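Since the structure comes first, as structure tokens, the remarks are kept for the end.
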Amino acid sequence: MDNCLFCRIAKGEIPSTKVYEDETVLAFRDISPAAPEHVLIIPKAHYDNVLKLDDDALLAKMFAAARTVAKTVGVSENGFRLVINTGRDGGQTVEHLHMHLLGARELGWPPG
């Protein structure tokens, strides 16, 4: 999608601080972090949200990328949170499927 923020980041049209990249998935640091380590993990192809994704293998690749990112940013030992916001009521603000990896501090419950 031409006007999608995350599609433009995936194409390299908007700069980002990449943490991980392969042929189908990109992970980059969030510009407004909610935790000391806050990385967004996206498919390079556009899907509005997880409900629009019809490729279970791609979702598995996103989770595999999250595991690699957690090790890369140093949160795999003490733990981290993975979040996929879906739809307006779910808190999704960018209509491109993305996963938040949050860590490097104790995360309370409920999130916030």
Side-chain angles (χ1 to χ4, degrees):
M1 301 200 68
D2 292 338
N3 62 345
C4 172
L5 174 65
F6 289 170
C7 286
R8 293 185 64 208
I9 289 172
K11 292 177 188 172
E13 295 173 2
I14 296 174
S16 66
T17 304
K18 294 179 186 177
V19 177
Y20 173 88
E21 184 174 19
D22 66 24
E23 60 282 343
T24 57
V25 176
L26 174 65
F28 54 94
R29 296 197 177 278
D30 194 299
I31 61 168
S32 295
E37 290 295 345
H38 187 166
V39 177
L40 300 174
I41 302 163
I42 67 168
K44 290 183 177 179
H46 183 87
Y47 297 92
D48 288 346
N49 59 51
V50 72
L51 297 173
K52 304 286 179 146
L53 179 65
D54 58 357
D55 184 348
D56 292 343
L58 180 55
L59 191 58
K61 287 181 180 185
M62 290 177 67
F63 276 94
R67 183 177 52 225
T68 300
V69 168
K71 292 175 185 174
T72 300
V73 302
V75 298
S76 60
E77 286 291 316
N78 290 329
F80 56 93
R81 178 175 290 152
L82 291 175
V83 177
I84 299 175
N85 299 324
T86 304
R88 185 186 69 237
D89 286 352
Q92 185 177 6
T93 58
V94 176
E95 290 186 13
H96 183 119
L97 170 60
H98 58 287
M99 178 185 297
H100 298 258
L101 184 144
L102 302 142
R105 72 167 167 84
E106 188 173 337
L107 301 167
W109 191 259

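Every heavy atom of this structure was used, including side-chain atoms; hydrogens, water molecules and symmetry mates were not. Not measured: the values here are computed from a predicted model.
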Using a distance-only test with no angle check, is there a side-chain donor-acceptor pair under 3.5 angstrom linking D22 and Y20? yes
Look at E23 together with K44 and state whether they make a salt bridge at an N to O cut-off of under 4.0 Å. no
Residue pair A65 / I41: nearest heavy atoms and the distance that separates them: CB-CG2, 4.2 Å
Are M99 and I9 joined in one hydrophobic group, where the rule is that I, L, V, M, F, W and Y side chains link up if heavy atoms are under 4.5 Å apart? no
Pairwise distance CG(L82) to CZ(F63) - rounded to 0.5 angstrom: 6.0 Å
Applying the 4.5 Å side-chain criterion to the ILVMFWY set and letting contacts propagate, would L58 and I84 be lumped into a single cluster? yes
Can you confirm whether more than 12 heavy atoms, excluding those of E106, are under 6.0 Å from its CD atom? no
Just verifying a value: how many Å separate C7 SG and Y47 OH, rounded to the nearest 0.5 Å? 11.0 Å
Closest heavy-atom pair, R81 versus G108, reported as atoms and distance to 0.1 Å, is NH2-O, 2.9 Å
Could you pull out all residues at least two apart from F28 that satisfy ring-ring contact (aromatic ring centres under 6.0 Å, His included)? F6
So which heavy atom on P43 is nearest to which on L97, and how close? CD-O, 3.2 Å
How far does NZ of K61 sit from CG of D55, to the nearest 0.5 angstrom? 7.5 Å
Using atom types as modelled and distance alone, determine if a side-chain donor or acceptor of Q92 lies under 3.5 Å from a backbone N or O of G87. yes
Atom of P36, atom of G103 and distance for their closest heavy-atom approach: CD-O, 3.5 Å
Answer yes or no: are there more than 12 heavy-atom neighbours, outside L51 itself, under 6.0 Å from its atom CG? yes
With sequence neighbours left out, what residues match E37 under side-chain contact (heavy atoms from CB on, under 4.5 Å)? R29, V73, V75, A104
Within 6.0 angstrom of K11 NZ, more than 12 heavy atoms from elsewhere: yes
Applying a strict under-4.5 Å side-chain criterion to I, L, V, M, F, W and Y, I'd like to know whether V39 and I42 cluster together. no
How far apart are the closest heavy atoms of A66 and L101, and which atoms are they? O-CD1, 3.5 Å
Contacts of H38 meeting side chain to side chain donor-acceptor pair (under 3.5 Å) (sequence neighbours excluded), chain-then-number -> D30, H100
Which distance, rounded to the nearest 0.5 Å, do you find between the NE2 of H96 and the NE2 of H46? 6.5 Å
I need the L40 CG to L102 CG distance, nearest 0.5 Å. 8.5 Å
Check A70 against F80 and note the closest heavy-atom contact, atom names and distance. CB-CE2, 3.5 Å
Enter the distance from T86:OG1 to E95:CD here, rounded to the nearest 0.5 Å. 11.5 Å
